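As the structure is a computational prediction, the values presented were derived from the model and not from experiment. Position 1 is the first residue of the sequence, and the numbers go up from there.
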Amino acid sequence: MDKKQKIALWYALAAFGLLVLFQSWWTTARTVAPLPFSEFQSLLAQGQIAEVNVGPTSLDGRFKTPRDGRDYFTTNRVDPALAADLEKAGVTFTGVQESTLLRDLLSWIVPVAFFFGLWFMVIRRFADKQGLGGMMTVGKSRAKVYVERQVGVTFDDVAGVDEAKRELQEIVAFLRNPADYSRLGARAPKGILLVGPPGTGKTLLARAVAGEAGVAFFTISGSEFVEMFVGVGAARVRDLFEQARKAAPCIIFIDELDALGRMRGAGGPYGGNDEKEQTLNQLLTELDGFDPSSGIILLAATNRPEILDPALLRAGRFDRQVLVDRPDKVGRRQILDVHVRRIRLDRAVDLDQVAALTPGLTGADLANLVNEAALLATRRGAQSVTFADFSEAIERLVAGLEKKSRVLSPPERTRVAFHEMGHALVAATLPGVDPVQKISIIPRGIGALGYTLQRPTEERFLMTVDDLANRITVLMGGRAAEMIRFGEISTGAADDLQRATEIAREMVTRYGMDPELGNRVYAPPRQTFLGAVMPEAREISEATTREIDLAVRTRVETAFAAAKRILEARRADLDAGATLLLTREVITAEDFPALTPKAAPANP
């Protein structure tokens with residue numbers, strides 16, 4: 001029953017009620033005669049009254065013979081003494097009944113309203129704390145609806161994900177002109193799953209699709225479907241799709257789909273989560289039940305596709321999976337172009353150089369980087385944001401905040417200076433290693449007493465055996481420098497050892513780079529990327545495990561020996577660089593020419 005039919009039904013019921021009231025009043029008016037009390041006394045003296053019903057404030061009765069066609073009468077009582085005096089004076093009189101309707105209503109309504117209001121406030125506050133919402137809205141969808149003027153995001157605001165944008169432009173074309181899009185019999189995909197690491201712009205892409213298409217945009221998080229009451233999530237899914245059908249053409253965007261679509265387990269009667277499974281089952285049913293030609297497109301985003309239920313990813317539900325990956329150097333430059341529109345940028349800033357210094361950062365990281373650079377420029381009272389501000393912001397993101405209040409003793413400062421200079425000189429000597437940009441012995445972050453910042457010269461997607469071995473050697477350079485200068489090691493290389501061991505183990509167990517262990521994988525498989533079933537971990541014998549441990553140890557020890565040989569050959573540079581670093585605390589390759597890359601000896 002639609003809204004108009006409901007309104008018509010209420011009108012009919014109201015008219016029927018009024019008709020019944022009118023009929024009751026008309027019947028009473030025709031059969032019951034109202035009498036003044038004085039006339040009642042006169043008729044009583046004349047013997048015209050057949051019977052009387054005495055009430056507290058009124059008299060009702062019947063005439064012996066009808067008067068004016070009426071058999072019954074009613075009159076209000078008057079005090080007998082007063083009635084006698086009025087009768088002697090010949091005055092026509094009648095009683096007036098005091099109306100207590102309002103008083104009676106208030107005596108009932110006010111207490112009920114007070115206690116109901118108090119109860120409602122307590123229940124509402126409890127529901128808000130528990131995230132349940134109102135009593136009548138527990139099964140309602142919490143999806144927020146945006147239209148084009150509220151979205152305000154287009155593809156021009158999205159950069160660094162050109163392939164994903166091209167995939168989604170088909171959706172925009174379909175929503176704008178469905179007939180032309182389907183002229184060859186093609187249909188738009190029912191659902192599109194945006195997959196990628198956090199901060200890569202999945203939600204921004206979905207909003208841009210809605211902004212480009214100019215349609216209603218329903219957005220909701222997967223966690224908002226699931227509540228403590230069983231069945232609420234399924235009801236909200238039904239309500240969401242019902243709202244979408246009324247607002248078509250539109251886009252439904254479910255963020256963090258893994259909170260809703262987690263793989264169902266065979267937990268039996270004592271395991272699993274019935275509420276989540278019911279919600280997922282309802283979502284699967286809704287995906288099967290709507291036709292994309294009606295103008296409803298479902299978008300979802302997740303950074304954990306490996307835990308999604310396979311039934312959710314099959315063809316006919318989420319037909320297309322779009323990868324939104326970390327941007328490359330060109331993509332990072334495009335993202336920076338978008339975000340620097342909001343700040344006053346110095347003309348001398350080379351954004352290509354900034355993009356080269358930020359490998360691995362996502363769009364959200366770059367937005368934070370631009371904001372940090374603007375804050376640093378504002379703090380020092382500059383008129384515009386310079387490259388130095390970007391460089392300092394990168395250091396804050398990578399190494400943490402400077403802690404100049406952490407004062408090191410002179411022996412500790414000397415050890416840190418030699419440690420960092422050891423990293424830098426080994427990196428400057430070995431081929432194919434990212435050049436050193438800056439060295440600092442100012443403590444940063446939680447435990448970093450110093451750091452060496454390297455600047456990548458190009459994007460790299462493949463690493464050879466020598467490349468990985470050189471990385472381990474650079475990591476061991478700090479420990480080797482301490483051994484050469486002080487004849488002993490310290491705890492300052494703990495993080496270096498951790499990273500070097502991880503690289504060496506990956507080389508041996510995952511990449512098959514150890515000639516003695518052969519070309520096979522010994523590490524358990526990583527989580528799959530698009531929801532396939534993960535195979536069981538391979539069994540490895542104890543003898544093979546020992547060989548792996550020996551191979552990892554050999555690679556780390558070989559790298560340490562190589563770093564030590566390099567630094568012994570460049571002992572003069574090591575001492576001079578450490579002395580300069582102790583004096584300035586922060587130096588660059590321009591300050592110390594020995595940090596420029598040189599031809600390296602053969603890597604053992």
Side-chain angles (χ1 to χ4, degrees), residues 146 148-173 175-176 192-215 217 219 251 253 255 297 299-303 320-375 377 384-387 389-391 393-394 396-398 455-461:
Y146 298 93
E148 182 183 10
R149 65 178 180 274
Q150 293 173 313
V151 172
V153 179
T154 65
F155 282 142
D156 293 335
D157 301 307
V158 183
V161 285
D162 295 336
E163 294 82 3
K165 284 167 62 173
R166 284 194 292 269
E167 290 282 336
L168 295 175
Q169 282 172 350
E170 291 182 355
I171 305 303
V172 175
L175 291 172
R176 286 179 174 174
I192 298 177
L193 181 62
L194 303 178
V195 179
T200 51
K202 299 182 292 294
T203 304
L204 185 65
L205 263 175
R207 292 172 61 82
V209 171
E212 289 282 344
V215 297
F217 181 58
T219 176
I251 293 174
F253 177 61
D255 202 3
I297 298 296
L299 295 178
T302 181
N303 49 36
R320 183 177 297 178
Q321 290 148 3
V322 177
L323 175 62
V324 187
D325 206 354
R326 299 178 187 273
D328 55 11
K329 181 179 177 181
V330 176
R332 294 196 298 273
R333 168 60 195 266
Q334 295 173 353
I335 294 173
L336 289 171
D337 287 334
V338 171
H339 292 298
V340 296
R341 299 173 189 168
R342 306 185 183 94
I343 67 173
R344 186 177 298 173
L345 188 67
D346 190 271
R347 294 182 178 180
V349 175
D350 184 3
L351 291 180
D352 287 328
Q353 190 175 359
V354 177
L357 292 174
T358 54
L361 296 190
T362 63
D365 295 330
L366 293 172
N368 188 30
L369 171 66
V370 173
N371 185 62
E372 285 289 343
L375 289 175
S384 60
V385 182
T386 64
F387 181 79
D389 298 316
F390 280 101
S391 180
I394 292 173
R396 292 190 64 173
L397 292 178
V398 173
R455 182 181 69 250
T457 56
E458 60 182 358
E459 295 285 334
R460 304 190 66 176
F461 303 99

#### Entry: Side-chain donor-acceptor pair present, D255, T203, cut-off under 3.5 Å
yes
Minimum-distance pair of heavy atoms, taken over all atoms of [X] and [Y]:
| X | Y | answer |
| --- | --- | --- |
| V324 | A164 | CG2-CB, 4.2 Å |
| A374 | V385 | CA-CG2, 3.8 Å |
| A208 | V158 | CB-CG2, 3.8 Å |
| P327 | G160 | CB-O, 3.9 Å |
| N303 | P198 | ND2-CG, 3.4 Å |

Roughly how far apart are [X] [atom1] and [Y] [atom2], rounded to 0.5 Å?
| X | Y | atom1 | atom2 | answer |
| --- | --- | --- | --- | --- |
| D337 | R332 | CG | CZ | 13.0 Å |
| L168 | R320 | CG | CZ | 8.0 Å |
| F390 | T358 | CZ | OG1 | 10.0 Å |
| I343 | L345 | CD1 | CG | 5.0 Å |
| D352 | L357 | CG | CG | 11.0 Å |

Donor-acceptor contacts under 3.5 Å from residues 363-373 side chains, at least two apart:
unit_1, atom_1, unit_2, atom_2, d
D365, OD2, T362, N, 3.1
D365, OD2, T362, OG1, 3.0

For a 4.5 angstrom cut-off between non-hydrogen side-chain atoms, does [X] reach [Y]?
| X | Y | value |
| --- | --- | --- |
| F387 | V354 | yes |
| L299 | I251 | yes |
| R326 | L361 | no |
| V209 | F253 | no |

### Query
How would you list, by chain and number, every residue that makes a side chain to side chain donor-acceptor pair (under 3.5 Å) with D325, sequence neighbours excluded?
none
### Message
Test of understanding: with side chain to side chain contact (heavy atoms under 4.5 Å, CB included), list the residues that count as partners of V338, not counting sequence neighbours.
### Response
A159, R341
Main-chain N/O of [Y] paired with [X] side-chain donor or acceptor, under 3.5 Å:
| X | Y | value |
| --- | --- | --- |
| E212 | Q169 | no |
| K202 | G196 | yes |
| R333 | A355 | no |

#### Entry: Residues D162, R166: salt bridge by 4.0 Å N-O rule
no
